[in-house]
Amino acid sequence: MEKFLIQIVAIFLLFIFSSNKEFNNIKYEEDNKIGILTIKYPDNLIDIDNNILDELEYKLDKINSDKINVLIITENSSIKKEYNLNYNNLDDKLNNKILKKLDEFEIPIIIAINNYAIGIMFEISLTTDIRICSENAKLGYPILGESKRLSNIIDLGMSRQIIFAKQIINAKEALRIRLVNNIYPQNELLNKAKELALLISRNGNLAIRKAKKAMNEGIKYIEKEKEKEKDIYKLKCACQNYDWGQYANNSLVAKALRKNGEKIDENKKYAEYWMGTHQNGPSKIIKDNKEILLSDEINGQLSYLFKILSINKPLSIQLHPDKLFAENLHKKYPKIYKDDNHKPELFIALSDFELLFGFIELNEAVKIIKKYRKCFNLKEGEELIKNPNIENYKYFIERLIYLEKEEYEKILRLIIENEESKKNNLIKKLYDNYGLDPGIIISLFMNYLHKKKGEAVFIDKNIPHSYIYGNCLELMACSDNVIRLGLTPKLVDKENFDKIVKKNFEDMIYKNQSDFMEINKENKIIKYDIKHIEDFKMQIYEINEDRFINIEKNSILFCLDGAIKINGILCEDLNSYFVKNEINNVKIELCDGYETSKLYKIYKK
């Protein structure tokens, strides 16, 4: 029992002594609604130690910001010899909770630096609202550390110089870089701080608090937006060297690779440049000087895939099934149809561009059959001539799909020998590349389109098409589902192609693009809005002067024909960037030396 009582008394005495702990390094006084904290440095030190930190925390807790309108912090040090600081870990000191208290202080704080604001005292000075110093003052970090506050106050490059070089700067340099507002003779410094505090104080406590709160909220918003800007990453993209691509010296894909620092083999063909997360060519981002898979950064997949295509040889006649059909194909033939997604596509020509798109109108089909009547010699063709209607047109196309090898080769030879065919550049081009391929017969009943640079075509589900020649951009749902019918060494799937023809033939005939794609051109922005597609959306900004835009989450930005800066980040011709989080009011600047540029923004609706 006696031992227990001794322990209780000891604990009580410890509490008494600790609660009445004396602090001798900081003096606090109040005068005319102004609080003044004077910090006395320990002997032979030019920065504060842990004891002073404890005392400063204690004093700050005791200050009633309702009773004063301004707080002045100053230091009293008179060391004249050269300083030599050896901190074990400056970062630990900079993380002190005192800094948070000062950051959140409700009334303005003025710091008047007599001699030294170095190390932790320098960081404390950065939490204050107004910094003034004497002509003798020195400021900076004695060891390599980091400070977000410094780069929010002065130029980023200068901030890095001070931190990386462990630079201690004098008063004149501090004024030049706007780190301090004014410098004064040492014997006038405190009085100047008081004069400024009185000017502020006359506005009243409530008004001062409101003003500081509003400014701090503005700063927090800016800091938040700056944090978002860190989520703008340069893309490192994959390419595909398909046989139908263009050789390096002519390929826009190869040019894009060169522009992004990749080595090029002049003897290779460069067909596609992929921007996205598709497993067959996933993009990477450059983050902290390291390459990271974009899919890892977002922990998933983008709903879209954006490409540059450079085409020298006609691609296959193909179509992309709708979502339900794609799911069934993937379930039944997972090794052939490797995903279960649909693949609507938006293409924009970057040069004169040729493509086959959709079946021709009924009356045009009848004309073609009549022109090559002796070549076809098919009863379905004769029936279509006799009774021209959509059903008979469909039966005729189905007959062409299932022609036997002997049949289509005989028809093709007759077509090629036909005098009309010798004038047909398309037939010649397809024959030179693919020989006696049944796709040539189908191509006679497809629209042969010629698009100029900047013109767009939307390729919806179940629409037969084939790119013939040129450079283009292509935006699609993230999928590789393709049902091919001809002009290809790859698998031809007549059965599934025909299933789609049977069910959707009337929709496969070429229709006016405005039926399903709106193109709005206003305020130097082209907006492509495809009403029933949720996977992607594209906007093209013409940049010939500075402008501000909003960028959606998980967007790809692509620059073409010029060079721009995106919130100060250089984006050159054929460069692309990924934006992870939504950012508003992003500044887009045209770089010197260019009259105009285009910025493509790709995102999900």
Side-chain angles (χ1 to χ4, degrees), residues 23-49 51-53 55-56 59-60 62-63 65 67-85 98 102 105 107-142 149-150 153-154 158 162 167-203 208 212:
F23 292 116
N24 300 312
N25 296 303
I26 297 178
K27 178 184 175 183
Y28 179 70
E29 54 188 329
E30 293 179 3
D31 183 31
N32 288 327
K33 296 280 186 178
I34 298 168
I36 303 174
L37 265 177
T38 304
I39 301 172
K40 179 183 177 183
Y41 286 1
D43 292 342
N44 298 320
L45 285 181
I46 57 170
D47 192 12
I48 56 182
D49 58 15
N51 289 330
I52 297 179
L53 286 174
E55 186 173 352
L56 180 57
K59 293 285 188 184
L60 288 172
K62 294 294 183 182
I63 294 173
S65 58
K67 292 184 177 181
I68 60 172
N69 296 336
V70 184
L71 175 65
I72 297 173
I73 298 176
T74 189
E75 42 76 37
N76 183 9
S77 56
S78 57
I79 297 175
K80 296 180 181 178
K81 66 180 180 179
E82 291 296 315
Y83 43 82
N84 182 17
L85 295 181
I98 292 173
L102 291 168
F105 216 71
I107 58 172
I109 303 176
I110 300 171
I111 188 164
I113 304 164
N114 268 307
N115 287 298
Y116 298 105
I118 291 175
I120 186 63
M121 195 62 187
F122 182 56
E123 190 71 11
I124 285 174
S125 76
L126 301 180
T127 68
T128 62
D129 301 288
I130 299 169
R131 287 165 295 282
I132 60 175
C133 69
S134 76
E135 297 167 330
N136 303 328
K138 289 182 170 56
L139 306 88
Y141 290 118
R149 293 179 181 85
L150 184 59
I153 295 169
I154 64 172
M158 198 65 216
I162 290 171
Q167 192 170 0
I168 307 298
I169 61 174
N170 61 29
K172 286 184 179 179
E173 179 66 2
L175 181 63
R176 186 189 72 82
I177 64 175
R178 307 307 299 164
L179 180 57
V180 298
N181 292 15
N182 287 294
I183 55 177
Y184 300 103
Q186 197 168 41
N187 61 350
E188 298 178 14
L189 180 65
L190 185 57
N191 285 334
K192 292 293 183 182
K194 289 179 180 179
E195 288 175 12
L196 180 57
L198 284 170
L199 283 174
I200 297 170
S201 181
R202 67 184 182 182
N203 293 303
I208 292 169
K212 179 165 180 176

*asked:* Is there a side-chain contact (heavy atoms from CB on, under 4.5 Å) between Lys27 and Lys40? Walk through the geometry before answering.
replied: CA-CA 8 Å; Lys27 178 184 175 183; Lys40 179 183 177 183; over 6 Å; no
Return the [atom1] to [atom2] distance between [X] and [Y], rounded to the nearest 0.5 Å.
X	Y	atom1	atom2	answer
Lys138	Asn170	NZ	CG	7.0 Å
Leu196	Ile72	CG	CD1	8.0 Å
Leu139	Tyr116	CG	OH	11.5 Å
Asn181	Ile110	CG	CD1	9.5 Å
Ile26	Leu60	CD1	CG	7.5 Å
Asp31	Ile68	CG	CD1	11.5 Å

Hey, does [Y] have a side-chain heavy atom less than 4.5 Å from the side chain of [X]?
X	Y	result
Glu55	Lys59	yes
Leu102	Ile124	yes
Phe122	Ile113	no
Pro108	Ile130	no

_For Leu56, the option from Ile73, Ile98, Ile120, Asn25 that meets side chain to side chain contact (heavy atoms under 4.5 Å, CB included)_ = Ile98
*asked:* Give me the atom names and distance for the closest heavy-atom approach of Ser201 to Ile208.
replied: CA-CD1, 3.9 Å
*Stepwise side-chain contact (heavy atoms from CB on, under 4.5 Å) test for Ile34 and Leu198*: CA-CA 8 Å; Ile34 298 168; Leu198 284 170; 3.6 Å; yes
Distance-only donor-acceptor pairs under 3.5 Å for side chains of residues 187-195, two or more places apart:
none

*Taking the side chain from Gln167 and the backbone from Gly140, do they hold a donor-acceptor pair closer than 3.5 Å?*
no
*Applying side-chain hydrogen bond (donor to acceptor under 3.5 Å, both in side chains), name anything that partners Arg178, two or more places apart in sequence or on another chain.*
none
_Going by side-chain contact (heavy atoms from CB on, under 4.5 Å), name the residues that satisfy it together with Ile154, two or more places apart in sequence or in a different chain._
Leu150, Met158, Ser159, Ile162, Ile177, Leu179
_Listed partners of Asn182 passing side-chain contact (heavy atoms from CB on, under 4.5 Å), at least two apart_ = Ile132, Tyr184
*Not counting sequence neighbours, list each pair that qualifies as a side chain to side chain donor-acceptor pair (under 3.5 Å) and has a residue in residues 125-137.*
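Applying side chain to side chain donor-acceptor pair (under 3.5 Å) to every pair that reaches into residues 125-137, excluding sequence neighbours, yields Asp129-Lys212, Asn136-Gln186.
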